[in-house]
Chemist: 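Dropping the structure in here first, questions after.
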Protein chains: 2
Amino acid sequence: MRPREFDHDDVLRIAFDQFWRKGVRGTSLSDIARDAGVQRGSLYNAFGSKEALFLQAYERYAGDYLIALQKALGTGSLRKRLTAFFDLTITNFRAGSPPRGCPTTRGLMELGSVEGEGLDEEARQAFANLVARITALVQDTLSAGAERGEFSGNPAAAALHIITVTRGLAVLERAFSDEPQLRKIAAHTIDLVLGKKGG
Amino acid sequence: MRPREFDHDDVLRIAFDQFWRKGVRGTSLSDIARDAGVQRGSLYNAFGSKEALFLQAYERYAGDYLIALQKALGTGSLRKRLTAFFDLTITNFRAGSPPRGCPTTRGLMELGSVEGEGLDEEARQAFANLVARITALVQDTLSAGAERGEFSGNPAAAALHIITVTRGLAVLERAFSDEPQLRKIAAHTIDLVLGKKGG
DNA sequence: GAAAGTATTTGACACGGTGTCAAGAAAATG
DNA sequence: CATTTTCTTGACACCGTGTCAAATACTTTC
């Protein structure tokens with residue numbers, strides 16, 4: 001056996017950073033290889049393909065992100081939790097300069113996988129999976145809130161609505177890049193879901 | 001002068017169909033040229049670049065779509081109008097088999113234009129422009145509804161919320177492809193905005 | 001400690017995409 | 001009918017992905 005000359009995890013981090021900034025299609029393995037100080041061929045040897053590399057890098061990110069979310073959703077009144085949730089969401093896709101947007105949403109839309117083109121089914125599932133997990137997290141939060149009398153609606157429907165709004169925010173962020181506006185929409189959504197008066 | 005051997009508009013239609021199905025990056029000018037029965041070089045001569053061709057094709061689509069929207073938003077009670085609006089929205093990105101998704105949202109997210117990569121600023125503006133126009137349309141509808149006593153909230157905030165939801169729906173459509181679910185979310189949104197009881 | 005074994009690295013290659021360009025072809029104009 | 005102007009066509013440079021065989025460097029085994 002000959003040992004790897006690079007750190008698997010480092011490459012994953014570097015790769016995801018590039019994918020996040022420039023999109024999957026917009027990032028070449030040469031870019032990543034240069035940035036990581038690794039030969040392009042070595043990346044193929046270690047990961048198989050650009051898509052497989054992306055997938056691993058994305059799964060890594062998704063895990064970290066879920067943990068951060070759980071933390072944000074874990075304390076305070078229901079209103080506080082939802083506020084923290086939207087906060088983290090917006091902060092996440094406004095990070096970097098210029099902001100890089102939401103990697104999940106960008107990835108999901110980039111896979112034009114409709115006709116053999118774009119990222120494949122496996123990638124789509126990875127994206128959908130994160131969205132589903134986040135939805136479940138929000139739904140649990142709402143259910144708990146309902147038990148404490150902080151919420152009176154249907155947790156499943158409300159969670160889906162909230163997730164839809166966050167995905168919409170990720171899109172509007174690309175269109176207008178107006179962060180205060182995004183936060184206003186988020187606040188408005190919380191008011192709608194909890195009822196305007198103090199929830 | 002030597003006349004064109006192809007119809008400008010036909011090519012635009014054919015090109016947009018491909019772009020819509022496979023994404024901008026996923027569509028090659030060779031594909032379009034083959035489909036349109038035109039030489040690749042002629043496309044460059046007539047449109048300048050792939051991006052410019054896409055832009056023209058998209059503007060064409062955007063015009064048609066706006067007209068259809070105006071029609072959908074033009075009759076009945078406020079609730080009926082909003083229902084028709086969501087209907088057209090969902091129907092639009094569920095068209096084709098397999099469904100092609102929302103071209104605006106897909107385009108917007110595909111331009112990773114963060115770092116010189118992806119579609120350029122001009123394309124971003126075209127997408128953002130359509131979103132802004134649709135928002136204005138919805139806002140006008142809500143304002144008119146408010147004047148007739150069908151709506152009591154803030155039309156600007158509500159319109160923005162509704163648009164955000166439609167963008168979110170476009171994203172979820174890619175993730176889950178579950179049309180009934182999308183329509184449920186839409187109905188739920190109308191209820192939230194108008195107040196559950198009959199609006 | 002030397003030799004064999006094995007996974008990694010490296011560079012060359014095929015292929016397909018974008019975009020450019022010069023030369024050929026087809027109408028309009030005088 | 002020649003000229004002009006524009007379109008068409010095919011060749012080219014360049015960059016991206018992905019594959020492969022040969023070279024390399026570390027481990028294991030004797």
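Protein chains get the first letters and strands the later ones, always in sequence-line order, with residue 1 at the start of each.
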Chemist: Dump the pairs, protein N or O against N or O of nucleotides 19-21 of chain D, anything under 3.5 Å, distances to one decimal.
Modeler:
none

Chemist: Identify whether the distance between the nearest side-chain nitrogen and carboxylate oxygen of B/D178 and B/R94 falls below 4.0 Å.
Modeler: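 Judged by the 4.0 Å cut-off on N to carboxylate O distance, B/D178 and B/R94 do not form a salt bridge.
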Chemist: Can you see if the side chain of A/S49 gets near the phosphate of D/dG18 - specifically, an N or O under 4.0 Å from OP1 or OP2?
Modeler: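 Answer is no, no contact under 4.0 Å.
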Chemist: Not counting sequence neighbours, which residues clear ring pair (Phe, Tyr, Trp, His ring centres under 6.0 Å) with A/F16? List them please.
Modeler: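 Counting only residues at least two positions away or on another chain, A/F16 forms a ring pair (Phe, Tyr, Trp, His ring centres under 6.0 Å) with A/W20, A/Y61.
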Chemist: For A/D31 and D/dT17, what is the distance between atoms CG and C1' respectively, to the nearest whole Å?
Modeler: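 My rounded result for the distance is 13 Å.
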Chemist: Transitively linked via ILVMFWY side-chain contacts under 4.5 Å: B/L82 with B/I185?
Modeler: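 Yes, because B/L82 and B/I185 connect within a single hydrophobic cluster, where side-chain heavy atoms sit under 4.5 Å apart.
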Chemist: In this structure, how many angstroms lie between the P atom of D/dG18 and the CD1 atom of A/I32, rounded?
Modeler: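 About 11 Å, once rounded to whole Å.
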Chemist: Choose from D/dT9, D/dT8, C/dT10 the nucleotide whose nearest atom is closest to any side-chain atom of B/Q39.
Modeler: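 The answer is D/dT9, which lies nearest to the side chain.
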Chemist: When the distance from CZ of B/F54 to P of C/dT18 is rounded to whole Å, what number comes out?
Modeler: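 Computing the B/F54:CZ to C/dT18:P distance gives 14 Å.
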Chemist: Rounded to the nearest Å, what distance is computed from the CG atom of residue A/N45 to the C1' atom of nucleotide D/dA23?
Modeler: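 Roughly 14 Å, once rounded to whole Å.
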Chemist: With nearest nucleotides of DNA chain C determined for B/P3 and A/R4 from heavy-atom distances, which residue corresponds to the more 5′ nucleotide?
Modeler: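 The residue closer to the strand's 5' end, by nearest nucleotide, is A/R4.
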Chemist: Just how far, in rounded Å, is P of D/dG16 from CG of A/L53?
Modeler: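 One finds 16 Å between P of D/dG16 and CG of A/L53, rounded.
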Chemist: How many Å lie between NZ on B/K22 and C1' on C/dG17, as a whole number?
Modeler: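 Rounding to the nearest Å, NZ of B/K22 and C1' of C/dG17 are 12 Å apart.
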Chemist: Between C/dT10, D/dA25, D/dG18, which one does the side chain of A/K50 approach most closely?
Modeler: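 Minimum distance to the A/K50 side chain belongs to D/dG18.
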Chemist: For a 4.5 angstrom cut-off between non-hydrogen side-chain atoms, does A/R25 reach A/E110?
Modeler: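 They are in side-chain contact.
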Chemist: Which pairs, with at least one residue in residues 133-144 of chain A and sequence neighbours excluded, count as a side chain to side chain donor-acceptor pair (under 3.5 Å)?
Modeler: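 As it turns out, the side chain to side chain donor-acceptor pair (under 3.5 Å) pairs with a partner in residues 133-144 of chain A, which skip direct neighbours, are A/N129-A/R133.
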Chemist: From the list D/dT17, C/dT18, C/dG19, which nucleotide is the closest neighbour of the side chain of A/S28?
Modeler: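 Side chain of A/S28 sits closest to D/dT17.
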Chemist: Side chain of B/M1 only, heavy atoms from C-beta on: which candidate in D/dG16, D/dC7, D/dT6 is closest?
Modeler: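 Between D/dG16, D/dC7, D/dT6, the one nearest the side chain of B/M1 would be D/dT6.
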Chemist: Within this structure, what is the CZ-to-P distance between A/F19 and D/dT17, rounded to whole angstrom?
Modeler: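 The answer, rounded to whole Å, is 9 Å.
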Chemist: Quick one: on DNA chain C, does B/R34 or A/L43 contact a more 5' nucleotide (nearest heavy atom)?
Modeler: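 Mapping each residue to its closest nucleotide by heavy atoms, the 5'-most match is A/L43.
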Chemist: Quickly work out the B/F6 CZ to C/dA25 P distance and round it to whole Å.
Modeler: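 Result: 20 Å.
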Chemist: Nearest 0.5 angstrom please: B/L88 CG to B/K71 NZ, how far?
Modeler: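 Reported value, rounded in 0.5 Å steps: 10.5 Å.
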Chemist: Under a single-linkage definition using a 4.5 Å side-chain heavy-atom cutoff for Ile, Leu, Val, Met, Phe, Trp and Tyr, are B/V131 and B/L137 assigned to the same hydrophobic cluster?
Modeler: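 Yes, B/V131 connects to B/L137 through the hydrophobic network.
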Chemist: Go through C/dA26, D/dT24, C/dA28 for me and flag the one nearest to the B/R2 side chain.
Modeler: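 Out of C/dA26, D/dT24, C/dA28, the nucleotide with an atom closest to B/R2's side chain is C/dA26.
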Chemist: Mind telling me whether B/F127 and B/F54 have parallel, tilted or perpendicular rings, with 30° and 60° as the class edges?
Modeler: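 Answer is tilted, since the angle falls between 30° and 60°.
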Chemist: So A/F47, base contact, sugar-phosphate only, or nothing? Heavy-atom distance under 4.0 Å.
Modeler: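 Touches nothing.
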Chemist: With respect to the side chain of A/E5, which nucleotide from C/dG19, D/dT8, C/dT9 is positioned closest?
Modeler: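 Nearest to the side chain of A/E5 among the choices is C/dT9.
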